[in-house]
Amino acid sequence: MTENERSEMQVQCLQFRRAVGAEPGLKNPQVEAHAAACTSCADYRRQMRSLDGVIRRALAIPVPASRSRASSAPGVDKPRHTRRWFALAASLLAAAGIGFALWSTAPRESLATTVVEHVRHEPDALVTTADRVAPFALEDILAKSGVRMRGNLDTVSYARSCPIRGHWVPHLVVQTGAGPVTVIVMAQEHVRQPVPLRTAGLTGTIVPAGPGSIAIIGSGPVPVDEVRDRVLEAVEFLETGQ
Amino acid sequence: MNQEAAGTDRHRRFAALCEPLRDDLYRFAFWLSRDPQVADDVVQETMLRAWKSLDRLQDGSAAKQWLLTIARREHARLYERKRLATVDIDELVAVDTAALATSDERDQELDEVRRAIFELDEDYREPLVLQVLLGYSTQEIAEHMDLKTGAVLTRLFRARHRLRRQLGLSGEEQED
């Protein structure tokens, strides 16, 4: 190989490695021709593609079963690799001086448990009554939690703003043909699929609702679909505060 | 279409387009912020904004790019609003590797790579995540980050070069 040919080859190697270093999966005639002609560059491309495989696996961290996901039963342990990954992230954050109390390996109380416990502590609300909450009062309660009335919800007999997992949420009681039903509208809590709720004397479910979810609980048979549809018609989720 | 049917239809559309992307959204937010709590907040804010502006998403096949663009903006807004602490990479203390000791060699390798990615500048980390994890093309990354494609390619090359050096894999190629 002449000096000129050697220089030209080096330029081609540099261009090849810059291109493949940015896009290891790059395929075009020039790239393939050089890889066929230069074993060193072909090896470089193999290494970059192998590295990308590892990078992809590293980036695909386990997504925590946080409050924004379908709740797991209390006491269910996280898989070992998930606990290790949390430990790594927590240690790196701690080293960087960023501390978060929520970064704990102890399992959080599930959303289902939180909701049921809250309802159980307000038994006087879940009663059959002809009383109705004034529309303006209901709108006010909803507005505090980033929810707006857009339709009519005239069967609400009870409405309070209650704290659930650090957020103020509307706790309503809706009168239905099957009796009173508790409805908790949680704009900040999301479930991917319905979560059944069952405790002494109470049954219900938490259902996905747009970006958040709605808990529907009653004593005895609960017309979940009817109540869910009625609530979804009547309310609208707004953006969180600025 | 009456109001009830329209509302149900909207919920179904949101569930079909946005829910399947939630995990990718979290991972993107995590690697952008390097903070699981911030990532959680970004995902929540993104989903709320997406819900509110769902009607603006005309092409369902663009849902991923649309959501990640919202997430990028939400991260910037959250950062500005909360004045999140910046971390000087040089001040990161070496992780106590004894705490992460494991007999699983594959886990060890991934932990090492994650640590190295963690230490990349955001300018290099973000395009790498978009390309390798989320399958973005160079053009898509350029549009997402408002850069020229040449700048994206340079950042991707440098990201990999720095990772190779960090992991003790670097060869003869120069970064610049």
Legend entry - Sub-4.5 Å side-chain heavy-atom contact between A:Asp52 and B:Arg160: yes
Inset, instruction - Using a 4.5 Å cut-off on heavy atoms from C-beta on, say whether the side chain of B:Phe30 contacts that of A:Val63. - result: no
Inset, instruction - Among the options A:Ala60, A:Gly25, A:Ala22, A:Ala19, pick out the one with the most heavy-atom pairs lying under 4.5 Å from chain B. - result: A:Ala22
Inset, instruction - Taking A:Arg56 for its side chain and B:Val132 for its backbone only, find out whether a donor-acceptor pair lies under 3.5 Å. - result: yes
If every non-hydrogen atom of [X] is compared with every non-hydrogen atom of [Y], which pair is closest and at what distance?
X	Y	value
B:Trp31	A:Ala58	CZ2-O, 3.6 Å
A:Ile61	B:Arg27	O-NE, 2.7 Å
B:Phe157	A:Arg17	CE1-O, 3.4 Å
A:Gly210	B:Phe14	O-CE2, 3.6 Å
B:Leu48	A:Ala187	CD2-O, 4.2 Å
A:Ile55	B:Leu128	CG2-CD2, 4.2 Å

Inset, instruction - Could you tell me which portion of B:Leu153 (side chain, backbone, both or neither) has an atom closer than 4.5 angstrom to a non-hydrogen atom of chain A? - result: both
Legend entry - chain A contact via B:Leu54 - side chain, backbone, both or neither, heavy atoms under 4.5 Å: neither
Inset, instruction - Step through the shown structure and confirm whether more than 12 heavy atoms of other residues, nucleotides or ligands are within 6.0 Å of CG on B:Asp146. - result: no
Legend entry - Crowding at CZ, B:Arg73 (>12 non-hydrogen neighbours, <6.0 Å): no
Measuring from [X]:[atom1] to [Y]:[atom2], what's the distance to the nearest 0.5 Å?
X	Y	atom1	atom2	answer
A:Leu232	B:His11	CG	NE2	4.0 Å
B:Leu169	A:Leu51	CG	CG	6.5 Å
A:Leu26	B:Thr138	CG	OG1	8.5 Å
A:Tyr44	B:Arg164	OH	CZ	5.5 Å

Legend entry - Donor on one side chain, acceptor on other, A:His190 and B:Gln44, under 3.5 Å: no
